[in-house]
Amino acid sequence: MTTSIIGYPRIGGERELKFWTEAYFKNKISQEELLKNVATLRLKNWKKEQSSGLDFIPSNDFSFYDTVLDTAVLLNVIPKRFRDLELDALDTYFALAKGYQGEAGDVKALPMKKWFNTNYHYLVPEIEDNTTFALKGSKIIDEFLEAKEAGISTKPVLVGPFTFLKLASYETKEAKDFANDIANVYVKILQTLEKNKVAWIELDEPALVKDLTEEDITLFKKIYSVILSNKGSLKVLLQTYFGDVRDIYQELIALDFDGLGLDFIEGKQSFDLVKKFGFPEDKVLFAGLVNGKNIWKNDYEKTLSKVAELEQSVSKIVLSSSCSLLHVPVSLEKEDKLTDDIKENFAFAKEKLQELQDLDELITLQNPADSSVLKDNQKIHQNLKRSVDEKVKTRINALTKEDTIRQPARAERFKIQQDYLKLPILPTTTIGSFPQTAEVRQNRKKYRTGEISKEDYGAHLKEDFQEVIRLQENLGFDVLVHGEFERNDMVEYFGENLKGYVFTRFAWVQSYGTRCVKPPIIFADVSRERPITVETSAYARSLTEKPMKAMLTGPITILNWSFPREDIDLQTQSTQIALAIRDEVLDLEAAGLPIIQIDEAALREKLPLRKTDWYSEYLEWAIPTFRLSHSAVKATTQIHTHMCYSEFEDIIRAIDDLDADVISFEASRSSLEILDSLQAEHFETAVGPGVYDIHSPRVPSVEEIENVIHRILKKIPLEKVWINPDCGLKTRRNEETVASLKNLIEATTNVRKKLEK
Ligand SMILES: Nc1nc2c(c(=O)[nH]1)N[C@@H](CNc1ccc(C(=O)N[C@@H](CCC(=O)N[C@@H](CCC(=O)N[C@@H](CCC(=O)O)C(=O)O)C(=O)O)C(=O)O)cc1)CN2
Ligand SMILES: [Zn+2]
């Protein structure tokens with residue numbers, strides 16, 4: 001048998017890519033140096049893959065920022081505003097990714113969205129009516145040749161045309177208007193690859209695992225009939241992941257693909273499809289059996305039996321990861337703080353390469369049961385016995401529906417809180433974090449490495465809190481925050497402070513561009529051993545007369561941005577977390593915090609990709625679990641929540657059902673589209689649709705923000721509107737933050753004045 005992966009993490013074992021790219025942004029290294037550096041990183045990864053015996057080594061899985069953006073550039077899908085800047089190729093690329101404000105002009109970045117059900121973000125291609133698809137870039141071929149030069153033959157990987165069109169945004173035209181154009185460019189790409197003696201190309205079409213309409217299937221077939229009839233001797237692997245392809249399986253096996261990649265981890269019906277409809281003898285099945293998303297060691301015995309099952313219907317199988325390894329950390333090697341009995345249960349990207357090799361060998365053995373590789377693996381799985389936390393179990397068993405319902409009802413609370421908090425119209429606030437400056441991070445690092453004492457660390461933090469509170473008072477904010485300076489990340493921080501969690505030192509995963517996260521790992525039953533944020537929030541509250549908002553991360557987001565257990569269900573894991581947060585909420589209330597924000601930034605992210613599963617598999621438990629975390633507070637305590645991506649038009653009722661008093665969300669990059677739905681659905685929760693985009697360093701003008709506020713007021717009743725940026729400010733620098741917030745307050749003041757007239 002042979003082995004394949006869909007992609008390898010590109011950030012480097014020490015996040016080299018991040019540091020080089022950021023150095024380039026700051027003009028600390030030249031473009032030449034940047035390009036030279038990343039070439040060494042690519043080579044290192046290819047060599048690692050080669051030496052681990054991987055047969056299909058991916059290329060073009062590298063990206064400076066995002067592979068969808070790479071594809072847009074390759075296809076000449078560059079909106080006019082970026083072409084007009086007349087920057088060189090790389091700087092145009094970064095302008096598309098991050099926006100640009102400088103000598104050449106002032107343009108907003110492409111919108112960023114979640115990549116299917118992951119915490120990775122892609123840039124949304126903007127297809128203008130007069131966009132001319134053309135083969136403009138050469139990255140895919142350059143990287144193939146680069147590897148070849150080093151003696152490594154690779155399988156170039158590219159986002160497929162169907163997924164590209166489905167993810168793009170349009171002016172008045174739509175996807176089908178570009179079907180022929182895009183197909184022709186892909187034909188050119190394939191011909192160029194063939195000329196350069198590429199054997200296989202992988203076209204990634206994860207959009208096929210979503211619900212497909214007849215038109216979708218027609219569009220897919222239209223594009224691929226052109227591509228496949230022009231592929232020459234090049235072999236085409238149609239790769240899918242994150243689910244199964246139940247709506248199009250029969251069409252896929254009938255088309256002239258040479259390989260079909262299916263996900264047998266997340267694809268609930270993948271096995272059934274293969275069994276029921278068979279698999280053509282002339283095609284290769286790339287079977288995604290090694291989990292590309294989670295970090296638990298593969299159970300070889302189980303996987304071998306799955307392979308055996310598949311072999312009954314399929315003659316040619318390549319063993320593969322279920323999706324790109326982009327979603328797991330690079331390597332376990334440096335995790336020296338984890339004990340062996342914990343570490344032995346994990347496999348990160350590098351270790352997954354070993355798993356593929358092990359499985360490959362085991363499959364060829366007559367008697368795999370005799371193999372020490374299999375025996376060792378079985379032993380690890382047998383040894384992993386987590387003791388049940390009886391206290392947690394008892395508490396969960398005692399829960400009733402009433403525990404998930406807050407009293408009195410929201411409309412009544414609204415009045416009580418108005419009297420209690422006495423906020424002005426259009427109350428202003430922020431989402432919680434303020435810039436995590438180099439000093440803030442250094443302080444944390446020094447404490448972590450023992451360079452400074454706990455007292456020094458705490459004293460430094462107190463200064464940071466004082467400073468940020470003075471700043472908010474001076475700017476004129478109505479509801480203040482403490483800035484979250486004590487947190488490395490909104491989820492990792494809670495993971496570090498909850499029992500049952502394991503956390504790593506270097507296990508970074510790319511979230512977007514140069515930004516990475518280190519998801520903590522749920523290892524056993526989760527509970528709160530002691531208050532986590534209470535001291536800090538109470539201290540912050542003591543520094544001001546203004547209402548202080550305490551910040552927590554909600555149970556669904558903590559779960560979704562952790563690596564979860566696979567031995568118990570997600571609902572149970574999030575309920576355990578919800579109980580911990582519930583205790584924290586009540587302690588904060590007792591400590592005098594009048595407002596508590598429980599972020600559910602990742603609620604939308606794990607919404608099942610198929611509509612039929614939305615409620616039954618997710619919302620049905622996720623919504624009450626969130627309510628469990630806040631339902632016990634007094635009527636006067638105002639509960640806020642926050643969501644980063646406002647693509648929740650379809651689940652507005654569910655969002656309202658969270659029963660928060662106020663919600664803030666991202667709206668500006670998506671040009672406030674959601675307001676119409678909020679209005680139409682009579683959304684009850686008070687809302688702060690973000691009035692500017694914090695993911696870009698550009699400073700919004702007063703006028704710009706005023707316009708946004710007016711647009712909001714056309715759709716949402718005045719008494720329900722809050723004014724805030726669209727997410728936390730941690731990734732921004734102080735300079736641009738202060739300038740932007742100043743404009744936000746000035747714009748709000750102007751609007752208030754106009755309303756008073
Ligand atoms: N988990 C999660 N997912 C999320 C978000 C989020 O906030 N958290 N936000 C949305 C957008 N995604 C984001 C993802 C990452 C970051 C981010 O800022 N990441 C930081 C890392 C943050 C962090 O954990 N930092 C640690 C460790 C940082 C570090 O590198 N330390 C240095 C020293 C300090 C330095 O010089 O920076 C070292 O050890 O050598 C800390 O601050 O303690 C980065 O990539 O730069 C922001 C948004 C969606 N998904
Ligand atoms: Zn956010």
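Atoms within a ligand are numbered from 1 in the order they appear, just like the ligands themselves. Along the sequence shown, residues carry numbers from 1.
Separation of the Y65 and Y93 ring centroids does not fall under the 6.0 Å cut-off. Taking the six-membered ring where the residue is Trp, the centroids of H327 and F116 are separated by 6.0 Å or more.
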Are there any N/O pairs under 3.5 Å between ligand 1 and the protein, and if so, what are their distances?
unit_1, atom_1, unit_2, atom_2, d
ligand 1, 1 (N), D489, OD1, 3.3
ligand 1, 1 (N), D489, OD2, 3.1
ligand 1, 3 (N), N119, ND2, 3.0
ligand 1, 7 (O), K730, NZ, 2.5
ligand 1, 8 (N), D489, OD1, 2.6
ligand 1, 12 (N), S511, OG, 3.1
ligand 1, 18 (O), R515, NH1, 3.1
ligand 1, 19 (N), C516, O, 3.1
ligand 1, 24 (O), N488, O, 3.2
ligand 1, 30 (O), R15, NH2, 2.5
ligand 1, 36 (O), Q442, NE2, 3.4
ligand 1, 39 (O), R448, NH2, 2.9
ligand 1, 40 (O), K445, NZ, 3.1
ligand 1, 42 (O), R441, NE, 2.8
ligand 1, 42 (O), R444, NE, 3.4
ligand 1, 42 (O), R444, NH2, 2.6
ligand 1, 43 (O), R444, NE, 2.6
ligand 1, 45 (O), K18, NZ, 3.2
ligand 1, 45 (O), C516, N, 2.7
ligand 1, 45 (O), C516, O, 3.4
ligand 1, 46 (O), K18, NZ, 2.4
ligand 1, 46 (O), R515, NH1, 3.4
ligand 1, 50 (N), N119, OD1, 2.7

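T533 and E584 form a side-chain donor-acceptor contact under 3.5 Å, judged by distance and modelled atom types alone.
Using a distance-only test at 3.5 Å, with no hydrogens or angles considered, a donor-acceptor pair links the side chain of Q573 to the main chain of R565.
Because its NZ or CZ atom is not both nearer than 6.0 Å to the ring centre of F503 and within 45° of the ring axis, K518 does not count as a cation-pi partner of that residue.
Between the CD atom of E600 and the CE atom of M643 there is a distance of 6.5 Å, given to the nearest 0.5 Å.
Rounding to 10 degrees gives 120° for the angle at the Zn ion (ligand 2) between NE2 of H642 and SG of C644.
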